[in-house]
2 protein chains.
Amino acid sequence: MDNINRKIIAALQQNARISYAELGKLVHLSAPAVAERIRKLESAGVISGYSLKVDLDQLGYPIVALVQCKVFRTKEREFKAHMLACKSVIECHNVTGEQAFLVKLAVQSMKQLDNILESFLDFSDTNTMMILSTPVDRAVPQTFYD
Amino acid sequence: MDNINRKIIAALQQNARISYAELGKLVHLSAPAVAERIRKLESAGVISGYSLKVDLDQLGYPIVALVQCKVFRTKEREFKAHMLACKSVIECHNVTGEQAFLVKLAVQSMKQLDNILESFLDFSDTNTMMILSTPVDRAVPQTFYD
DNA sequence: GGTGAAACGGATTCACT
DNA sequence: AGTGAATCCGTTTCACC
């Protein structure tokens, strides 16, 4: 992981569809050299994929909520399965604290949110926060670019 | 936003570097038609960019923490500025609740985390949770693919 | 809003270093 | 590990529907 790879990753993070030729200009390397470095980063799992930044609001999901779930001692396995099955769940993190998970939900309406939270009650106590705005959203810490 | 656009977005979300030719095969449209649809989605802001999925662990950031911050009434503006300036902050959400923010940090060591949390104390009370694992991480709700 | 053909430019392969 | 040249393939443009 030298500085060239870091620059490549930083550039791809800003625009994952940039061409190898452009990347080559940025790091003063030929297009095949850049392609080879990226291939290696991919097979090492450092780069795990290429994704889209979308506007959930415009896609019809105006409501994003964060739900703290205190999962019942005996229900952790079932809870995880429910998270994977629940289509509105966009993130689920197992965090320190008593049987705690933090779940990010994107929904079309409050009614839908209500139904989903009700379904969570079979496995956990919940505490819901609505996301009002997101002042910072980066894939990678900025220290990385140094 | 018809079903074809939804399929295009779903495919790009899985692999943002897929070619227009490949996308065309998926949705039974020609490459120029796909390119035109994507151009419109971009200029409408539905697609806001193309990003990378990276392994923070392999990049030297083995620790990811979620910090609940109860920001002091008079310090909200300063707090937001600090979030933007703090290079380890990868997400910061303003959430409902009393002056509450939820901040995701990626750091190289506990010492670094300690320093950062200390810097937060000028603006807020903090409550830190360490992320142990992330069973679900999607960019878009799955309901979208129907 | 879509198609197909042509022109263009980037990706990939390869021989060489 | 990287380069430069050739080939290959995808993108882009455009006339047409």
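Within every chain, numbering begins at 1; the chains are lettered A, B, ... in the order of the sequence lines, protein sequences first and strands thereafter.
- Nucleotide dG10(C) holds its C1' atom 11 Å from the OH atom of Y20(A), rounded to whole Å.
- Using modelled atom types, one finds a donor on one side chain and an acceptor on the other under 3.5 Å when comparing H82(A) with S119(A).
- Atom NZ of K75(A) has more than 12 neighbouring heavy atoms from other residues, nucleotides or ligands inside a 6.0 Å radius.
- Whole-Å rounding puts the R17(B) CZ to dA11(C) C1' distance at 10 Å.
- Rounded to a whole Å, the CD1 atom of I18(B) is 15 Å from the C1' atom of dC9(D).
- Note: F101(B) and F79(B) meet the aromatic proximity criterion, with ring centroids under 6.0 Å apart.
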Side-chain donor-acceptor pairs under 3.5 Å in residues 121-128 of chain A, sequence neighbours left out?
from: S124(A); atom 1: OG; to: F120(A); atom 2: O; distance (Å): 3.3
from: N127(A); atom 1: ND2; to: Q68(A); atom 2: OE1; distance (Å): 3.1

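- Within 6.0 Å of NZ on K53(A) lie more than 12 heavy atoms contributed by other residues, nucleotides or ligands.
- Of the residues in residues 21-40 of chain A, those placing a heavy atom less than 4.0 Å from an atom of DNA chain C are A21(A), P32(A), in numerical order.
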